[in-house]
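Keep in mind it's a predicted model, so treat the numbers as computed, not measured.
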Amino acid sequence: MFSQHRDLQPVSLSRRGTLLGALGLIALPAGAAAPAPQPDLWPRALPVPGGIARIPLGGAPAKPTARYGDVPLLVSGDPVAWTALVGIPLAAQPGVATILVWQAEGDAPRDIAYTIAPKRYSEQRLKVAPGKVDLSPEDQARYERERVHLAAVMATFTEAPPELMHMRVPVPGRRSGSFGLRRVFNGQSRSPHSGMDIAASAGTPVLAPLAGRVIDTGDYFFNGGTVWLDHGGGLLTMVCHLSSIDVKVGDVLKAGERFCAVGATGRVTGPHLHWSVTLNRVMVDPALFIAE
């Protein structure tokens, strides 16, 4: 959004120098090209359970390889400065954690430590159909089959990370359920909320938050109608509780392209969109990828 127009006034040399300094501009010799502006860093770093750590890896001619345990990490940057992005599980304990980094092929790995700060999330109490909390043997068996399948989907890793990681919100609307909420269904504690809920009416178009490839679609017990997108480097997004799915596995989407619609399928209290972001097989806060 642009500010209202104001008449321009002459600026003294001393004041102009102050303004240039505040803008981070550098005096250059005549004829020299101005440096390219630094892009905003996305996602934002928040090294807490459910957040993301940005770990500098230094410079190297080739992109380093980084892992958390045996899980590959997203590494972005250029030969001047590489950065590893680490998704931190909601169940992680505060304290020091480490990743392994191979600076070049054939090198021995080195440990890089980072600190996870504590964070306490709020509690949310919800009422749903009893059969969505106390599962029948048949529903429990279905859930277990789906859990194994979805774990394989979350393990998707394609080498090329996205060039841009600033996401658009898939649908407009009020945030009705934030990431990390400790949820209580019908008086029983369950897993924390692993995504962002956005209030929207059934049939509202859902747009791709980034360019990506469809890697899974389905109708799942808890999630209802669901689509997973692969954006590269272990960065995935998922939307669920959908009323319609307009894509199939293998389809490639542009950022902002419609691919499904809001619904009220699965375990829900009403129509809305659940949006999750996964990094190195860990659900992280989608708010770190969007402008608040």
Side-chain angles (χ1 to χ4, degrees), residues 50 90 121-136 139-140 142-151 153-154 167-186 188-210 212 214-231 236-249 251 253 256-278 283-287 289-290:
L90 270 168
Y121 291 96
S122 301
E123 183 178 275
Q124 182 182 39
R125 293 182 172 270
L126 299 167
K127 289 286 187 182
V128 297
K132 294 293 185 179
V133 178
D134 299 310
L135 305 190
S136 68
D139 287 340
Q140 184 66 40
R142 175 186 172 184
Y143 163 70
E144 293 297 337
R145 291 193 302 270
E146 294 176 351
R147 184 176 62 83
V148 172
H149 169 74
L150 292 173
V153 173
M154 289 177 63
M167 297 187 184
R168 63 179 299 158
V169 180
V171 293
R174 176 181 58 84
R175 190 181 307 176
S176 56
S178 295
F179 177 87
L181 285 171
R182 293 176 292 127
R183 296 180 302 172
V184 180
F185 288 97
N186 300 355
Q188 300 183 42
S189 295
R190 289 296 185 265
S191 299
H193 192 227
S194 59
M196 177 188 292
D197 284 347
I198 303 169
S201 58
T204 301
V206 179
L207 310 182
L210 280 180
V214 180
I215 57 172
D216 188 69
T217 67
D219 181 11
Y220 297 109
F221 182 76
F222 286 122
N223 290 352
T226 301
V227 178
W228 284 83
L229 302 179
D230 173 21
H231 306 290
L236 315 176
T237 56
M238 179 200 75
V239 290
C240 64
H241 306 314
L242 306 172
S243 61
S244 66
I245 296 173
D246 306 318
V247 290
K248 63 184 183 301
V249 172
D251 286 351
L253 301 176
E257 186 174 353
R258 173 184 174 153
F259 66 106
C260 53
V262 172
T265 55
R267 182 166 69 181
V268 295
T269 57
H272 70 280
L273 184 76
H274 174 102
W275 175 37
S276 286
V277 176
T278 301
M283 296 288 193
V284 296
D285 190 351
F289 292 82
I290 63 176

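Side chain of H241 to backbone of T265: a donor-acceptor contact under 3.5 angstrom is found. Without hydrogens or angle criteria, H274 side chain to H272 main chain gives no donor-acceptor distance under 3.5 Å. Panel note: side chain S276, backbone S194; a donor-acceptor pair is recorded below 3.5 Å. Checked by atom type and distance alone, the side chain of T226 pairs as donor or acceptor with a backbone atom of G224 at under 3.5 Å.
Salt bridge annotation for R142-D139: absent, with no cationic side-chain nitrogen under 4.0 angstrom from a carboxylate oxygen.
Among all heavy-atom pairs drawn from C260 and V239, the shortest one is SG-CG2, 3.8 Å. Residue P172 comes nearest to A200 through the heavy atom pair O-CB, 4.4 Å, listed as atom of the first residue, atom of the second, then distance. Taking every heavy atom of both residues into account, A264 and G270 meet most closely at CB-C, 3.9 Å. Across every non-hydrogen atom of A202 and P271, the tightest pair is N-CB, 3.8 Å.
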Can you list the steps and then say if M283 with L90 is a side-chain contact (heavy atoms from CB on, under 4.5 Å)? CA-CA 8 Å; M283 296 288 193; L90 270 168; 5.8 Å; no
For side-chain contact (heavy atoms from CB on, under 4.5 Å), just list the numbers for M238 and N223, CA-CA rounded to whole Å, side-chain angles, deciding distance to a tenth of an Å, and then say yes or no. CA-CA 10 Å; M238 179 200 75; N223 290 352; 3.8 Å; yes
Using the side-chain contact (heavy atoms from CB on, under 4.5 Å) rule, take V277 and M167 through it: C-alpha gap first, then chi angles, then the decisive distance, then the call. CA-CA 10 Å; V277 176; M167 297 187 184; 4.2 Å; yes
For side-chain contact (heavy atoms from CB on, under 4.5 Å), just list the numbers for I245 and D219, CA-CA rounded to whole Å, side-chain angles, deciding distance to a tenth of an Å, and then say yes or no. CA-CA 10 Å; I245 296 173; D219 181 11; over 6 Å; no
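The side-chain heavy atoms of W228 and T278, taken from C-beta on, include a pair separated by under 4.5 Å. Proximity of T237 to L210: side-chain heavy atoms (C-beta onward) are nowhere separated by under 4.5 Å. Residues L229 and F259 are in side-chain contact: their nearest non-hydrogen atoms beyond the backbone lie under 4.5 Å apart. At least one side-chain heavy atom of D216 sits less than 4.5 Å from a side-chain heavy atom of L150.
One finds the CG atom of L273 at 10.5 Å from the CE atom of M196 (value rounded to the nearest 0.5 Å). Separating the CD atom in Q140 from the CZ atom in R147 is a distance of 9.0 Å, to the nearest 0.5 Å. Considering CD1 of I198 and CZ of R175, their distance stands at 8.0 Å, rounded to 0.5 Å.
Not a single salt bridge (charged side-chain N to carboxylate O under 4.0 Å, His left out) links R168 to another residue, sequence neighbours left out.
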